[in-house]
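Take a look at the structure set out below.
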Amino acid sequence: MERQPRVRHRRLRALAAGTGVLVLPAALAFSQPATAQDEGTVVHTSNFEDGTVGDWAPRGPVTLAVENGALLTTGRTAEWNGPSIDLSDFIVSGGVYEISLDVRFAAESAGEAISATVQRESAGETSYDSLVYQAAVGTDWATLSGEYTIASPADALTFYVESPTPDASYWIDDFQVTELSPPGVDPNIPSLKDVLAEEFRFGAAVDPRDLADPTGQLLDKHFNQITAENHMKPDALQPTEGTFTFDAADELVAHAEANGMEIYGHTFLWHSQVPDWWFTYPAGHPNAGEPLGNSTEDQQIMLDRLEAHIGAIAAHYGDRVWAWDVVNEVISDNAAEVYRNSRWFQIFEGPEYISHAFRIAREQLDAVGATEVKLFINDYGTDNPAKRDNLYNLVADMRANGVPVDGVGHQTHISLNTPLGNIEASIDKFAGLGVLQAVTELDVAIGAPVEGVEFPEYDARIVQQGHYYRDLFAMLREKDLESVTAWGLHDGRSWLRGFNGTRPLESPLPFDDDLQAKWAYWGIVDPSRLPEIPEEPEPDYARVQVPLAKTAPVIDGDKDKAWKKAATVATDVRVEGAADGAKADVSLMWDDNAIYALFEVTDPNLDDSSANPWEQDSVEVFLNPGNTKEGGYGDADGQYRVNFGNVVTLGGNGPDAGEITSAAVATSTGYTVEIAIALAEGQGAIGTEHGLDLQVNDATDGVRTAAHTWYDPTGQSWSTNKYWGIAELVKKVKAGSETLPVPEPV
């Protein structure tokens, strides 16, 4: 058989990342600083010139044969069948590789497309990273090529070639893996821990997988404190009652001590990642296995368990851990209440368990001689004035009553639109109490959309992030802080990649997936290197004309005649989870007193079992009177959530946010929620514009499985008004404008 001459006429590129497929946007004018690189180092080739298949193996019941220096695959019966090769020895986390090969279909074979994929095994989970997806290929040779990187070590990496035509036969040749960017860190840039040494320790949240090189090199070079991201939480240390598992945490502590790092402990008590047994009657009790109630006896069971848990940790670590988050996230996000309605709160019928936890922690640590270990209370959203004040009042009351609270941890999960003044005001307020303070879980989200949505603003946002880090750290350096901890070593390990849906371009940390310094790093180290922020065009926000109501609707959950002339929009933009999750048609009206919304939700299975209101089947209205879009929440801005049982919760509402009246009624296809939000004088007028977004949360078994909005795709509506749509108050909707098309999201 004669081999056909090769025509290298196209190279099809994509970038697959270890946390899923990551297609980077085209580079803009401002690329990030990088060290000089050559054309790469070839780490593996397969050209079949020796007449053998070499390291290639069949994937499925296929036949592999080498003829005239190329590999032929025949006998395929399924799309995934094809030739495969183990790349585990050639690809290291943090490195960037080009994988290329020549392909063509066999003469007279069916088939029009070929895909190249990497199957990745890690921690018992299997993922599939698409290198090239269904490239158009014929019977002439074509070259397929893509760049590939993994953010953390994998147990196995298998490259394979497949076709959507199950019985197609095809040839491959000249397979090559080239290392474009070697794994590891840039040794020639300043270490963050040294740059910040005079102000505070600089830490990172890590797991044992981060200790292996090259991520371990990044950790050792730039950080002098660690927090266990997961392995010191209750479910990790005591998965079953009385059985403690310290191995993973010990690995982290040993690495920190061997490299001169401090350890910040996280966390003794939390409402999440705590084993179910903790809230049930113990073995031997007449009600063993049943949920605890709120009797004095039941509360004592909880306290005994907490004492045993903290006592075992204190005995194991003593003063090797310099501080602990004693309690984590006990303040509610609901502006209408103070404390999180967790199982702890329910069993104790109030917040007394918080003081008990601090007293127990001090007693147990003192008992082993760890008298200097500091005790912190930790929470997110402390930049929100209402939540900040609730946390402040709790800490002030506990200290006044002799509760041994040493410090306050500000998690600081923020975005580019979080006002720095709010963060500074919170730190300054707590300074008045004389407590220690730390930034414990820092990341700065850039507002990336879910997977599959284009994000042309990516490069500009990365530059903007550099400026934000510059200003943030300039402020933090002026404060009396014990430490600042980044929640993750690099973007590829950020929890935000999977929060609110898969967001492969979310990039909140100073180092990128390849462990290289971003503009965020230079904003901390040398702001003079930052380029100007590119101007972004004003987004083409979704708009809706909202008509004046002739008669105000009765808020009873029934769609009465008053809604006949209302405008209607749909919540079709996926924020997270399943694309087929619950959605709604939302009718809108206004009058001098209020703006009205009627959600008709399609959701056959209703669930409100979670203690977190956003993880219940519910709807949300986000309102920014005047459409200021200044970022964060203004004094009049509000987040209003109503579940299918008409339970109302509020977000980071400003002090002047309007009051809500609501009603909810179950229907044969889901539920209806009718809402009125009061407008202040002057806010209800023809021609007035208000920032507006609408959201539907879909829950199953206590977990939010999907969320859809009218416009904002970022998942950050709870923290910033920047990305909401626009409602224009009109007397009557213009003909043809009842439902305006929704443009591409920001």
Side-chain angles (χ1 to χ4, degrees), residues 267-272 325-359 375-414 418-441 479 610-615 620 632-641 647-660 718-720:
T267 173
F268 289 151
L269 187 155
W270 193 22
H271 67 275
S272 182
D325 288 332
V326 176
V327 298
N328 188 48
E329 300 176 2
V330 297
I331 300 299
S332 177
D333 293 318
N334 183 1
E337 59 189 20
V338 176
Y339 301 103
R340 181 182 295 277
N341 186 27
S342 67
R343 286 292 289 134
W344 287 95
F345 186 87
Q346 293 164 5
I347 291 170
F348 283 85
E349 296 185 294
E352 291 79 9
Y353 71 93
I354 302 171
S355 295
H356 287 310
F358 275 94
R359 290 193 171 103
L375 307 181
F376 276 68
I377 187 170
N378 190 52
D379 219 318
Y380 63 88
T382 60
D383 55 284
N384 176 272
K387 190 167 184 178
R388 172 199 67 201
D389 292 347
N390 287 337
L391 179 61
Y392 177 91
N393 292 336
L394 170 62
V395 174
D397 288 346
M398 286 197 293
R399 285 174 63 86
N401 290 317
V403 179
V405 183
D406 298 315
V408 172
H410 307 271
Q411 290 187 12
T412 322
H413 295 294
I414 55 178
T418 303
L420 291 177
N422 287 12
I423 301 171
E424 183 172 20
S426 186
I427 295 172
D428 289 346
K429 181 160 187 168
F430 281 96
L433 286 179
V435 293
L436 304 175
Q437 295 192 76
V439 171
T440 56
E441 304 182 19
K479 306 303 175 185
S610 175
N612 296 322
W614 60 89
E615 292 184 310
E620 300 186 38
Y633 270 46
D635 287 348
D637 294 351
Q639 175 189 10
Y640 307 86
R641 185 188 300 107
V647 176
V648 176
T649 52
L650 306 177
N653 294 26
D656 300 329
E659 297 291 329
I660 181 175
W718 62 274
S719 67
T720 175

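Since the structure is predicted, the reported quantities are computational estimates derived from the model, not experimental observations. These values consider heavy atoms only, across backbone and side chains, with no hydrogens, waters or symmetry-generated copies.
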_Measuring only between side-chain heavy atoms, which start at C-beta, is Asn341 closer than 4.5 Å to Ser332?_
no

Inset, instruction - Test Phe358 against Ile377 for side chain to side chain contact (heavy atoms under 4.5 Å, CB included), laying out the working first. - result: CA-CA 9 Å; Phe358 275 94; Ile377 187 170; 3.8 Å; yes

Taken in chain and number order and not counting sequence neighbours, the residues that satisfy salt bridge (Lys or Arg N to Asp or Glu O under 4.0 Å) with Asp428 are Lys479

Between the CZ atom in Phe430 and the CG atom in Leu391, the distance rounded to the nearest 0.5 Å is 4.0 Å

Check whether any side-chain heavy atom of Gln411 lies under 4.5 Å from a side-chain heavy atom of Asn378, and answer yes or no. yes

List the steps and the verdict of side chain to side chain contact (heavy atoms under 4.5 Å, CB included) for Arg641 and Asn334. CA-CA 9 Å; Arg641 185 188 300 107; Asn334 183 1; over 6 Å; no

Closest non-hydrogen atoms of Gly407 and Val435, given as atom of the first, atom of the second and distance, are CA-CB, 4.2 Å

Interatomic distance, CG@Asp379 vs CD@Glu441, rounded to 0.5 Å, equals 9.5 Å

What one should report as the nearest heavy-atom pair of Ala396 and Leu433 is CB-CD2, 3.9 Å

Compare all side-chain heavy atoms of Trp614 with those of Asp333 and state whether any distance is below 4.5 angstrom. yes

Sorted by chain and number, sequence neighbours left out, ring pair (Phe, Tyr, Trp, His ring centres under 6.0 Å) with Tyr640 holds for none

Rounding to 0.5 Å, atoms CG (Leu650) and CD1 (Ile660) come to a distance of 7.0 Å

**Prompt:** Are the side chain of Ser355 and the backbone N or O of Val403 linked by a donor-acceptor pair below 3.5 Å?
**Reply:** no

By side chain to side chain contact (heavy atoms under 4.5 Å, CB included), His271 pairs with (sequence neighbours left out) Glu329, Arg340, Ser342, Asn612

Of all heavy-atom pairs linking Leu375 and Pro404, the shortest is CD1-O, 3.6 Å

Quick note, side chain to side chain donor-acceptor pair (under 3.5 Å) partners involving residues 389-409, not counting sequence neighbours, are Asp389-Lys429

Contacts of Phe268 meeting ring pair (Phe, Tyr, Trp, His ring centres under 6.0 Å) (sequence neighbours excluded), chain-then-number -> Trp324

Separation between CG (Leu394) and OH (Tyr339), nearest 0.5 Å, reads 4.5 Å

Distance col, row Thr720:OG1 vs Tyr633:OH, nearest 0.5 angstrom, shows 8.0 Å

With sequence neighbours left out, the residues meeting side chain to side chain contact (heavy atoms under 4.5 Å, CB included) with Asn384 are Ala386, Lys387

Value for NE2 (His410) from OG1 (Thr440), rounded to nearest 0.5 Å, stands at 8.5 Å

### Message
I'd like to know if the side chain of Gln437 reaches the main chain of Ile427, judged simply by a donor and an acceptor atom lying under 3.5 Å from each other, with no hydrogens or angles considered.
### Response
yes

Gly632 and Pro419 have their tightest heavy-atom pair at CA-CD, 3.9 Å

> Within a strict 4.5 Å, meaning less than it, do heavy atoms of the Phe348 and Ile354 side chains meet?
Replying inline: no

Inset, instruction - Check the surroundings of atom CD in Glu659: do more than 12 heavy atoms from other residues, nucleotides or ligands lie under 6.0 Å from it? - result: no

Side-chain contact, heavy-atom cut-off 4.5 Å: Val330 with Trp344? no

Requested in this report: Determine whether the side chains of Thr418 and Asp383 contain a donor N or O and an acceptor N or O closer than 3.5 Å.
Outcome: no

Heavy atoms of Thr649 and Pro613 approach each other most closely as OG1-CB, 3.6 Å

